[in-house]
Amino acid sequence: MHMNEFTQQKYYRPYVSPFDPCPPIRVKSYVTPPQLYLGYQPYNLPQYQPQQALYAGTLWPALFSPYNGRYWGREEA
Amino acid sequence: MSSQVQFPKEFYQLMEELQVVDFVLVELTLYLDTHPEDYAAIQQFNEASYHRRILVPKVEQYMGPLQQFGHSYSGYPWNWNQAPWPWQI
C-alpha cells in the first residue's frame with residue numbers, strides 16, 4: 001500500500017442489542033497512525049523545522065498523527 | 001518573603017528554544033537507537049547537542065540551575081529549590 005493512501009482514522013459499527021439499556025453508540029472509530037504502515041523507518045526522511053517539530057509532536061512529517069477529538073457517534077458509512 | 005519572580009520576554013524565547021532543541025534531541029536519540037549507522041542523523045544530533053550547551057547557561061541566568069550535583073553552576077544563595085520550577089513558568 002502506498003504511503004499516502006492509508007487513513008489515520010478507521011470506523012466500525014458495534015453490535016447494538018435490542019436490550020441495550022443506554023442509547024446505542026452506532027459508530028466507533030480508532031486511530032491508525034503512520035508507524036503502523038511504516039515498519040522500519042527509512043533513512044533521510046524529510047524533517048520539520050525544529051520549532052514546527054515541537055508543535056507537531058514529531059520530527060518527521062511522514063509520522064505526523066493529528067488528534068481531532070471527535071471519535072465516536074459519527075454516522076459514517 | 002521572596003518577591004514574585006517576573007521573567008522578561010527574552011527568557012520565554014530562550015526557554016522555548018531550549019524546549020525545541022530538547023525535543024529534537026529526544027527524537028534523534030530514539031531514532032538513532034534503531035539506526036546506529038545513520039551518519040547524517042548523528043551529525044544533526046551533535047549539532048543540536050552543541051547548540052543546547054550554548055543555550056543552557058543563558059536560560060540558567062534567568063532561571064537558576066536546571067540540573068544538580070555539579071551539572072549546573074549555582075547562584076547565590078543556594079536556590080535550586082525556589083519557585084518557579086520548569087513546569088510553573
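Chain letters run A, B, ... following the sequence lines, proteins first, then strands; residues in each count from 1. Side-chain atoms are counted along with the backbone in the values below, which use heavy atoms only and exclude waters and symmetry mates. Keep in mind the model is a prediction, meaning the values are calculated, not measured.
- A/Leu45 CG to A/Leu38 CG: the interatomic distance, rounded to the nearest 0.5 Å, is 6.5 Å.
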Any idea which donor-acceptor pairs are under 3.5 Å between chain A and chain B?
from, atom 1, to, atom 2, distance (Å)
A/Tyr40, OH, B/Thr34, O, 2.8
A/Gln41, O, B/His35, NE2, 2.7
A/Tyr43, OH, B/Glu37, OE1, 3.2
A/Gln47, OE1, B/Gln44, NE2, 2.8
A/Gln47, NE2, B/Gln44, OE1, 3.1
A/Gln51, NE2, B/Glu16, OE2, 2.7
A/Tyr55, OH, B/Glu16, OE2, 2.5
A/Leu59, N, B/Glu27, OE1, 2.9

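- Side-chain heavy atoms closer than 4.5 Å link hydrophobic residues (I, L, V, M, F, W, Y) into clusters, and following such links, possibly through other members, connects B/Val24 to B/Leu18.
- Linking ILVMFWY residues whenever their side-chain heavy atoms come closer than 4.5 Å, directly or via other members, places B/Phe11 and B/Val56 in the same cluster.
- Follow the hydrophobic side-chain contacts under 4.5 Å out from B/Val59 and you reach B/Leu25 in the same cluster.
- Cluster annotation: A/Leu36 is not connected to A/Phe64 through the hydrophobic network of ILVMFWY side chains, with a link wherever side-chain heavy atoms come within less than 4.5 Å.
- Cluster note: B/Leu30 groups with B/Val26 through ILVMFWY side-chain heavy atoms spaced under 4.5 Å, whether in direct contact or through intervening members.
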